[in-house]
Amino acid sequence: MTDSSNVSDSHSDFDFLSVQEQDFDVAFEYAQLRENNSQDGAIVFFSGLVRDFNQGNDVTGLYLEHYPAMTEKALAKIIEEAKSRWPLSRVRLIHRVGQLYLSDQIVFVGVSSSHREAAFEACHFIMDYLKKKAPFWKKETTKKGDWWVESLEKDEKALDKWQDQ
Amino acid sequence: MTDSSNVSDSHSDFDFLSVQEQDFDVAFEYAQLRENNSQDGAIVFFSGLVRDFNQGNDVTGLYLEHYPAMTEKALAKIIEEAKSRWPLSRVRLIHRVGQLYLSDQIVFVGVSSSHREAAFEACHFIMDYLKKKAPFWKKETTKKGDWWVESLEKDEKALDKWQDQ
Amino acid sequence: MINVVFFAQLREQLKTDQLQLELSTPCTVADVQQALLDNHPQWQEFLANRALMCAVNQDMVQSDAMVNDGNEVAFFPPVTGG
Amino acid sequence: MINVVFFAQLREQLKTDQLQLELSTPCTVADVQQALLDNHPQWQEFLANRALMCAVNQDMVQSDAMVNDGNEVAFFPPVTGG
């Protein structure tokens with residue numbers, strides 16, 4: 001299942017958003033942020049990976065459920081909010097769903113801007129909001145059984161730093 | 001001229017620091033942060049590029065001078081400080097020197113951590129400190145002539161946010 | 001007719017991913033929740049959880065949000081993507 | 001003997017990248033700066049710039065930092081890398 005698109009008509013043609021089962025290629029994403037782009041001095045990206053230990057469990061894999069009708073809409077809204085707060089030229093966001101294994105890539109957020117500060121803050125903001133506002137749920141496969149990941153209070157608190165801006 | 005090394009014995013063998021004329025490959029750097037690393041869930045990187053417009057000038061190229069005896073020492077100190085503040089597993093930092101052209105890559109900072117927040121903050125911190133503490137100077141080639149880039153007060157202020165941590 | 005959908009562990013707990021509900025509209029998300037509990041009293045311990053999140057027509061809302069005929073109302077646990 | 005080095009536009013302004021200075025040590029960076037001005041009064045407008053940064057043996061310091069015989073003292077404009 002792939003569901004990808006340019007984010008919306010009001011945004012740069014260079015924005016890209018995809019919710020997909022297949023893996024992504026960071027080198028390709030980076031090239032897309034850079035190509036024919038001599039105005040931007042700063043690219044920041046975040047990549048999230050399946051790690052082996054989480055919330056006290058030895059993790060062997062991860063199943064990512066989502067709410068298909070809502071996921072893209074929620075992510076587009078987060079990108080739109082980021083672009084209203086910072087001068088971003090390009091935003092690329094990919095989130096995988098379905099069965100993932102140890103060290104697999106889960107999520108990519110890459111942004112380009114003429115300003116370093118804007119690139120760092122916007123990329124961080126998008127990840128913080130995605131963690132609390134986008135309808136994804138992780139079920140971990142561990143050596144003791146399968147568990148739904150608990151949401152963390154620190155992820156809730158991570159949003160506080162963006163409130164007064 | 002290449003001058004690269006593992007940062008210091010007290011650090012992870014996975015840390016890497018290089019001051020070099022030649023270009024770098026972000027895909028390779030990303031692979032180094034990820035390889036045999038199932039403990040880290042978060043990778044953040046920053047890439048700085050030569051942009052076409054800076055401080056009111058149409059830029060066509062950039063010459064990067066540095067203080068060879070000091071550069072690596074200053075960068076290693078910044079990485080060490082970042083590792084003392086955040087739980088980072090791996091840090092890779094490359095800064096180019098010499099003649100660069102429009103859209104060329106200038107600097108790469110990539111970090112991996114088990115925590116998203118740590119990865120974002122540490123990468124941002126390293127870039128903010130590098131901007132104010134590492135002995136590099138940019139001379140821009142513009143259509144009106146060659147100019148040394150002025151240091152910016154906002155780069156000075158960018159350090160403030162790390163003072164009370 | 002209101003379309004109600006459930007996700008993740010809530011879907012597993014209720015053993016239901018989707019159902020239709022006849023309710024006089026407009027009503028609120030809280031009314032939908034109460035109607036579900038009236039029809040399925042055994043869902044009390046799962047559906048009365050204050051940490052649950054809800055969405056109407058794929059926008060996250062609070063429980064006092066309005067629901068109209070034909071809307072899709074979703075209930076799910078706090079999200080854990082990223 | 002103290003080794004003094006200059007970088008970037010300061011190097012261009014002074015038309016000098018490096019020189020040796022005989023000074024009784026220990027002294028301070030400010031003493032080194034004063035000795036340079038005594039020897040090269042025409043450097044005043046460039047070297048008396050309060051924005052200049054300095055390093056002793058490749059560590060950035062303030063102008064009251066100590067300098068010992070054999071040290072390398074560097075003067076340069078605010079850095080602009082990254």
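The figures that follow rest on heavy atoms only: side chains count, while hydrogens, waters and symmetry mates do not.
Within residues 36-48 of chain B, the residues having any heavy atom closer than 4.5 Å to a heavy atom of chain A are Asn37(B), Ser38(B), Gln39(B), Asp40(B), Gly41(B), Ala42(B), Ile43(B), Val44(B), Phe45(B), Phe46(B), Ser47(B), Gly48(B), listed by residue number. Among residues 27-34 of chain B, the residues having any heavy atom closer than 4.5 Å to a heavy atom of chain A are, in sequence order, Ala27(B), Tyr30(B), Arg34(B). Chain A is approached within less than 4.5 Å, heavy atom to heavy atom, by Lys154(B), Asp155(B) from residues 141-157 of chain B, ordered by number.
Neither the backbone nor the side chain of Ser112(A) comes within less than 4.5 Å of any heavy atom in chain B.
For the residue pair Glu121(B) / His124(A), no side-chain donor-acceptor distance below 3.5 Å is found, with atom types taken as modelled.
Heavy atoms of other residues, nucleotides or ligands lying less than 6.0 angstrom from NZ of Lys139(A) number more than 12. Lys133(A) NZ: 12 or fewer foreign heavy atoms inside a 6.0 Å radius.
Smallest separation of non-hydrogen atoms from Arg51(B) and Ser114(A): CZ-O, 3.4 Å.
With salt bridges taken as basic N to acidic carboxylate O contacts below 4.0 Å, one links Lys161(A) and Glu117(B).
With sequence neighbours excluded, the residues that form a side chain to side chain donor-acceptor pair (under 3.5 Å) with Thr71(A) are His66(A).
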